[in-house]
Amino acid sequence: QVQLVESGGGLAQPGGSLRLSCAASGRIVSIDAMAWYHQAPGKERELVARITTSGTTNYANSVKGRFTISRDNAKNIVYLQMNSLKPEDTAVYYCNAAIRTSWYTINVMNYWGKGTLVTVSS
């Protein structure tokens with residue numbers, strides 16, 4: 001079994017900052033890409049940022065220059081540093097990871113955390 005647990009969400013003022021963390025645990029052989037998604041009420045879940053094992057990153061246009069994704073491969077943790085927050089960033093943020101769980105197969109499966117709520121409001 002594999003679990004992803006997010007933390008760090010909460011209330012921030014416009015222009016403020018938050019740092020989200022996601023820790024993976026369980027039957028993990030290796031983790032490939034890790035990512036953050038968010039979902040606002042009435043909207044589809046959208047990719048916010050993604051990072052490969054080697055550190056290559058991708059960002060949604062709406063967060064470029066404001067958010068930074070990083071990871072600690074030794075600790076199986078991915079972070080999302082959120083700066084210059086805007087009210088439109090308000091959403092539930094979900095951690096996603098592609099994880100290999102068996103030494104006897106190269107297949108990976110996508111796992112999701114339960115989400116952490118970020119609210120940006122004055």
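Residues Met82 and Ile51 share a single hydrophobic cluster, defined by chaining ILVMFWY side chains whose heavy atoms lie under 4.5 Å apart.
Judged by a 6.0 Å distance limit and a 45° cone about the ring axis, Arg50 is not positioned over the six-membered ring of Tyr59. Geometrically, Arg71 does not engage Tyr79 in a cation-pi contact, judged by NZ or CZ lying under 6.0 Å from the ring centre and within 45° of the ring axis.
Across Ser122 and Pro14, no two heavy atoms sit closer than the pair N-CD, 3.7 Å. A pairwise comparison of heavy atoms in Leu47 and Ala60 identifies O-CB, 3.5 Å as the closest pair. Between Asn76 and Asn73, the shortest heavy-atom distance links the atoms OD1-O, 3.3 Å.
Counting non-hydrogen atoms of neighbouring residues, nucleotides and ligands closer than 6.0 angstrom, the CD atom of Gln13 reaches no more than 12 such neighbours. Annotation for Glu88: atom CD counts as buried by contact number, over 12 foreign heavy atoms lying within 6.0 Å.
Under the 6.0 Å cut-off for aromatic ring centres, Trp36 and Phe67 do not qualify, their centroids lying 6.0 Å or more apart.
In this structure, the side chain of Glu6 engages the main chain of Gly115 through a donor-acceptor pair within 3.5 Å. The closest donor-acceptor contact from the side chain of Arg100 to the backbone of Ser102 lies under 3.5 Å. With hydrogens and angles disregarded, no donor-acceptor distance shorter than 3.5 Å links the side chain of Asp32 to the backbone of Thr53.
Tested against His38, the residues Val92, Thr116, Leu80, Val48 include a single side-chain contact (heavy atoms from CB on, under 4.5 Å) partner, Val48.
With a 4.5 Å cut-off on side-chain heavy atoms, Val118 and Thr90 do not count as touching.
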